[in-house]
Amino acid sequence: MRISNAAKAFVAGLAAGASVAATAVQDGVFTTGETVTTVLAILAALGVTYAVPNRQPAPDRVTPGQGL
C-alpha cells in the first residue's frame, strides 16, 4: 500500500496537534502560549514528515517461477 508524502504529513500533523492540544487544555484554559506551541508542533510535524521520503519496498525475495 502506497501512502503519499502529503497524506503521511497530514496524519503526523493531526497527531502532533491533538497531543499538544490535549495536554494544553488539562487546566481548562487554552492560553496564547499554548496556541503558539500547538501551531508550531503541527507545522514541525508537517514539515519534517513531508521532507522525509517514504522507504522503497524491498524486492520480493520469493517470486513464483523465479526460484530462490
Side-chain angles (χ1 to χ4, degrees):
M1 181 170 138
R2 294 191 43 114
I3 299 175
S4 71
N5 286 348
K8 180 177 68 167
F10 176 76
V11 171
L14 184 65
S19 63
V20 172
T23 303
V25 298
Q26 290 296 315
D27 59 355
V29 179
F30 206 70
T31 65
T32 303
E34 291 169 339
T35 303
V36 170
T37 302
T38 302
V39 170
L40 290 176
I42 292 170
L43 292 176
L46 286 172
V48 169
T49 307
Y50 186 78
V52 175
N54 292 335
R55 182 176 9 165
Q56 297 299 322
D60 188 9
R61 296 191 62 142
V62 179
T63 303
Q66 299 294 325
L68 296 176

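Atom set for the values below is all heavy atoms of this structure, side chains included, hydrogens, waters and symmetry mates excluded.
Taken to the nearest 0.5 Å, the OG atom of Ser4 stands 8.5 Å off from the OH atom of Tyr50.
Connectivity analysis of hydrophobic side chains (ILVMFWY, heavy atoms under 4.5 Å, direct or indirect) links Phe30 to Val25.
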Pairs under 3.5 angstrom only: tabulate donor-acceptor contacts from the side chains of residues 11-21 to other protein residues two or more places apart or in another chain.
| unit_1 | atom_1 | unit_2 | atom_2 | d |
| --- | --- | --- | --- | --- |
| Ser19 | OG | Ala15 | O | 3.2 |
| Ser19 | OG | Ala16 | O | 3.0 |

Hey, can you pull the donor-acceptor pairs under 3.5 Å for the side chains in residues 35-46, sequence neighbours left out?
| unit_1 | atom_1 | unit_2 | atom_2 | d |
| --- | --- | --- | --- | --- |
| Thr35 | OG1 | Thr31 | O | 2.9 |
| Thr37 | OG1 | Gly33 | O | 2.9 |
| Thr38 | OG1 | Glu34 | O | 2.8 |

